[in-house]
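Have a look at the structure below before the remarks.
Being a predicted model, the structure only gives us computed values, none of them experimental.
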Amino acid sequence: MTCHSSDSAETIENERGSETESGVVDSDHNRIAAAVRDLKKTGWYWGRLTANEAKRILQNTPEGTFLLRDSSQRDYLFTISAVTSAGPTNLRIEYRDGQFKLDSVLLMNPQLKRFDSVVHLVEHYVLLSRTLGGGTAAAKPSPSPSPSPSPSPAPPNGAVRLLMTTPVYAAVPSLQHLCRVSINRASARVRDLPLPGRLRDYLTDYAYHV
């Protein structure tokens, strides 16, 4: 039997801890890299855009119009800029434990769903807004908001309803991409469609509805 000194045991534990921490970092890096790859396919991801620039882009657009951009705060990766009944509002997206969710600090609902990708998160709330006519959650209005067309009744307690229905594209999306979104929206089993393999691969490469 070989005995290790306490110093040796501590060294081994430290090495194991470092390996575990390294594995978590690698996993987070891969998850975030995959999220960015999906976002770049959407057309409504604007990358490095300030809050003021987003506000100008969303100016005079109806309630429910939104875009996604990189967050200007170091503790967050992404931010959704959306037009509410009270004007433009910015919602940060948290990344924690390998999943993404809306920042519960700015929302009146602490029990928010978590998603494995940012596009999946946005897709969920867009479909919710479109089908139920309701918002993602009740959000606190941003300071000094500008008026928005097509106002809707605001929830109680000074909150505003948050809708996400219409993305603003950074560039005109290709016809192929728009067709891909429409097909994925209309069919739950794209892999079973009687299409050439390359076309099915293209459709499933972005299997979202928005």
Side-chain angles (χ1 to χ4, degrees), residues 25-51 53-58 61-62 64-73 76-83 88-103 112-131 135-136 162-210:
V25 171
D26 288 343
S27 177
D28 286 341
H29 176 78
N30 293 336
R31 180 63 58 85
I32 293 170
V36 172
R37 284 196 299 270
D38 275 354
L39 281 172
K40 289 181 177 179
K41 300 172 188 175
T42 66
W44 37 262
Y45 169 56
W46 288 68
R48 294 183 180 179
L49 193 72
T50 67
E53 289 171 335
K55 184 176 181 179
R56 285 196 294 269
I57 292 169
L58 296 172
T61 60
T65 307
F66 72 93
L67 59 83
L68 192 135
R69 58 185 176 85
D70 293 340
S71 178
S72 56
Q73 296 189 339
Y76 298 87
L77 294 174
F78 307 105
T79 295
I80 296 172
S81 294
V83 179
T89 294
N90 297 306
L91 294 169
R92 298 184 295 254
I93 296 177
E94 294 182 357
Y95 176 77
R96 184 177 300 174
D97 299 327
Q99 293 185 309
F100 301 89
K101 76 178 187 71
L102 293 179
D103 180 13
L112 294 170
K113 293 191 65 174
R114 297 176 179 271
F115 302 88
D116 57 0
S117 76
V118 180
V119 182
H120 191 188
L121 180 151
V122 172
E123 176 189 55
H124 169 80
Y125 290 119
V126 167
L127 295 179
L128 182 65
S129 297
R130 288 175 177 174
T131 56
T136 66
L162 177 64
L163 292 174
M164 292 171 54
T165 56
T166 309
V168 178
Y169 290 97
V172 178
S174 67
L175 180 59
Q176 292 93 329
H177 178 70
L178 293 178
C179 289
R180 171 167 61 181
V181 173
S182 296
I183 293 172
N184 280 311
R185 192 182 300 168
S187 176
R189 301 175 63 88
V190 173
R191 276 291 180 188
D192 295 336
L193 295 177
L195 298 171
R198 289 183 61 186
L199 183 52
R200 284 199 302 269
D201 290 342
Y202 177 74
L203 294 176
T204 56
D205 185 50
Y206 182 83
Y208 300 102
H209 299 172
V210 62

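Taking both residues in full, the closest heavy atoms of Leu203 and Asn184 are given as O-ND2, 3.1 Å, listed atom of the first, atom of the second, then distance. The two residues Leu162 and Ala82 make their nearest non-hydrogen contact at CD1-CB, 3.9 Å. Of all heavy-atom pairs spanning Pro167 and Val210, the tightest one is CG-CG2, 4.4 Å. For the residue pair Trp46 and Trp44, the shortest heavy atom distance occurs at CD1-O, 3.2 Å. Closest approach of His209 and Arg185 over heavy atoms only: O-NH2, 3.0 Å. Taking each heavy atom of Lys113 and Tyr125 in turn, the nearest pair found is N-OH, 4.0 Å.
Side chains of Tyr169 and Leu67 form no contact here, defined as non-hydrogen atoms less than 4.5 Å apart. Using a 4.5 Å heavy-atom cutoff, the side chains of Val118 and Ile93 are in contact. In this structure the side chain of Phe66 never reaches within 4.5 angstrom of the side chain of Val168, judged on heavy atoms. When side chains are defined from C-beta on, Met164 counts as touching Ile80, because their heavy atoms get closer than 4.5 Å. Between Leu193 and Ser187, some side-chain heavy-atom pair lies under the 4.5 Å cut-off. Between Arg96 and Lys101 the shortest side-chain heavy-atom distance does not fall below 4.5 Å.
Using a 3.5 Å distance cut-off with no hydrogens or angles, the side chains of Asn90 and Ser81 do pair a donor with an acceptor. Using modelled atom types and a 3.5 Å distance limit, the side chains of Tyr45 and Asp70 yield a donor-acceptor pair.
The closest donor-acceptor contact from the side chain of Thr131 to the backbone of Leu127 lies under 3.5 Å. The closest donor-acceptor contact from the side chain of Ser129 to the backbone of Leu163 lies at 3.5 Å or more, if one exists at all. Using modelled atom types, no side-chain atom of Thr204 and backbone atom of Ala207 make a donor-acceptor pair closer than 3.5 Å. With Arg69 contributing its side chain and Leu49 its backbone, the two residues share a donor-acceptor pair below 3.5 Å. Arg180 contributes a side-chain N or O that, together with a main-chain N or O of Tyr202, makes up a donor-acceptor pair within less than 3.5 Å.
Salt-bridge formation is not detected for the pair Asp116/Arg31: no Lys NZ or Arg NE/NH1/NH2 atom is positioned less than 4.0 Å from an Asp or Glu carboxylate oxygen.
Interatomic distance, OG1 of Thr42 versus NZ of Lys40, reported as 11.0 Å (0.5 Å rounding). Here His124 contributes atom NE2 and Arg114 contributes atom CZ; the two are 13.5 Å apart, rounded to the nearest 0.5 Å. For the atom pair NE2 (His177) and OG (Ser182), the distance works out to 9.5 Å, reported to the nearest 0.5 Å. In this structure, CG in Leu121 is found 10.5 Å from CD in Glu94, a value given to the nearest 0.5 Å. Atoms CD and CG, on Glu53 and Leu58 in that order, are 12.0 Å from each other to the nearest 0.5 Å. In this structure, CD in Gln99 is found 10.5 Å from NE2 in His120, a value given to the nearest 0.5 Å.
The salt bridge (charged side-chain N to carboxylate O under 4.0 Å, His left out) test applied to Asp201 returns Arg191, not counting sequence neighbours.
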Is there a side chain to side chain contact (heavy atoms under 4.5 Å, CB included) between Leu91 and Thr79? Walk through the geometry before answering. CA-CA 5 Å; Leu91 294 169; Thr79 295; 5.7 Å; no

The test is side chain to side chain contact (heavy atoms under 4.5 Å, CB included); show your working for Phe78 and Leu39 and say whether it passes. CA-CA 11 Å; Phe78 307 105; Leu39 281 172; 3.6 Å; yes

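The ring pair (Phe, Tyr, Trp, His ring centres under 6.0 Å) with Phe100 is formed by just one residue from the set Phe115, Tyr76, Tyr95; it is Tyr95.
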